[in-house]
Amino acid sequence: MDLSDIYRIEGIQGLRAIAERASVSPKYLYQLATRFQGRRCSPSFALRLAEVDPKLSVTHLVFGSKVNAAACLGQAYRAAPTLQEDPHA
């Protein structure tokens, strides 16, 4: 579950409750929930939010709940440079 799910289910009151426990602005959580100007949680902020509300998923907060996070991680893994064996070893 991510912030957009909380906003859809609980409304602004749900975001305010999380904001209070995390000591952040509810306006900022609203911007994250609505993807205002493409905003998304950083991994460290996602961990912080998940600590105050166990319903939240770090993976969904970072990648969005509508996205197949495993596919995103797989693409990132495949795009990473690989070590090549040294032909001179």
Side-chain angles (χ1 to χ4, degrees):
M1 179 175 274
D2 68 4
L3 292 172
S4 64
D5 297 322
I6 296 287
Y7 180 63
R8 184 175 37 80
I9 296 166
E10 301 177 27
I12 195 69
Q13 297 304 330
L15 296 179
R16 283 186 183 142
I18 294 169
E20 186 176 312
R21 291 193 305 268
S23 300
V24 298
S25 165
K27 290 180 181 180
Y28 182 59
L29 292 188
Y30 173 79
Q31 291 175 350
L32 292 172
T34 59
R35 302 280 189 252
F36 177 73
Q37 295 183 348
R39 292 180 190 225
R40 291 194 182 260
C41 284
S42 67
S44 60
F45 191 65
L47 284 170
R48 180 175 164 189
L49 292 177
E51 286 176 357
V52 300
D53 192 334
K55 293 182 294 191
L56 295 171
S57 160
V58 173
T59 303
H60 288 164
L61 288 167
V62 174
F63 295 105
S65 62
K66 311 300 184 274
V67 177
N68 183 343
C72 290
L73 292 172
Q75 288 174 350
Y77 178 77
R78 286 189 296 277
T82 58
L83 295 175
Q84 302 291 325
E85 286 191 31
D86 184 359
H88 304 291

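Because only heavy atoms are used, hydrogens play no part in the values below, and waters and symmetry mates are left out as well, while side chains stay in.
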**Q** Rounded to the nearest 0.5 Å, what separates atom SG in Cys41 from atom CG in Asp2?
**A**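 Cys41 atom SG to Asp2 atom CG measures 8.0 Å (nearest 0.5 Å).
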**Q** Looking at Val62 and Ala46, what are the two nearest heavy atoms and their distance?
**A**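 Minimum heavy-atom separation between Val62 and Ala46: CG2-CB, 3.7 Å.
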**Q** So Ile6 and Leu29, do their side chains get closer than 4.5 Å, heavy atoms only?
**A**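 The answer is no; the side chains never approach within 4.5 Å.
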**Q** For a 4.5 angstrom cut-off between non-hydrogen side-chain atoms, does Met1 reach Ser57?
**A**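 No. Closest side-chain heavy atoms not under 4.5 Å.
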**Q** Within the 4.5 Å heavy-atom criterion, are Ile18 and Leu56 side-chain neighbours or not?
**A**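 The answer is yes; the side chains approach within 4.5 Å.
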**Q** Can you tell me how far the NE2 atom of His60 sits from the CG atom of Asp5, to the nearest 0.5 Å?
**A**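 It comes to 8.0 Å.
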**Q** What do you reckon, are the aromatic ring centroids of Phe45 and Tyr28 less than 6.0 Å apart?
**A**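 Yes; Tyr28 has its ring centre under 6.0 Å from that of Phe45.
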**Q** Kindly determine whether Val58 and Leu49 satisfy side-chain contact (heavy atoms from CB on, under 4.5 Å), including the steps that lead there.
**A** CA-CA 8 Å; Val58 173; Leu49 292 177; over 6 Å; no
**Q** So, Glu10 and Lys55, do they make that salt bridge, N to O below 4.0 Å?
**A**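 So Glu10 pairs with Lys55 through a salt bridge.
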**Q** Examine distances only and state if a side-chain atom of Arg21 and a backbone atom of Val52 form a donor-acceptor pair shorter than 3.5 Å.
**A**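 Present.
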**Q** Would you find a donor on one side and an acceptor on the other, under 3.5 Å apart, between the side chain of Arg40 and the backbone of Phe63?
**A**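 Such a contact is found between Arg40 side chain and Phe63 backbone.
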**Q** In Å and rounded to the nearest 0.5 Å, what is the OH to CZ distance from Tyr30 to Arg39?
**A**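 Answer rounded to 0.5 Å: 12.5 Å.
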**Q** Taking all heavy atoms of Ser4 and all of Ala33, pick out the closest pair and write down the distance.
**A**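 Of all heavy-atom pairs spanning Ser4 and Ala33, the closest is CB-O, 3.2 Å.
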**Q** Side chains of Val24 and Arg48: does their closest heavy-atom pair fall under 4.5 Å?
**A**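 Side chain of Val24 against side chain of Arg48, heavy atoms only: contact under 4.5 Å found.
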**Q** So, Asp53 side chain and Ala50 main chain: donor-acceptor pair closer than 3.5 Å or not?
**A**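 It does not hold such a pair.
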**Q** Are there more than 12 heavy atoms of other residues, nucleotides or ligands under 6.0 Å from atom CD of Glu20?
**A**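 12 or below, so no.
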**Q** Spell out, yes or no, whether Phe36 and Ile12 are grouped together once hydrophobic residues are joined by side-chain heavy atoms under 4.5 Å, including indirect joins.
**A**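 Not linked; separate clusters.
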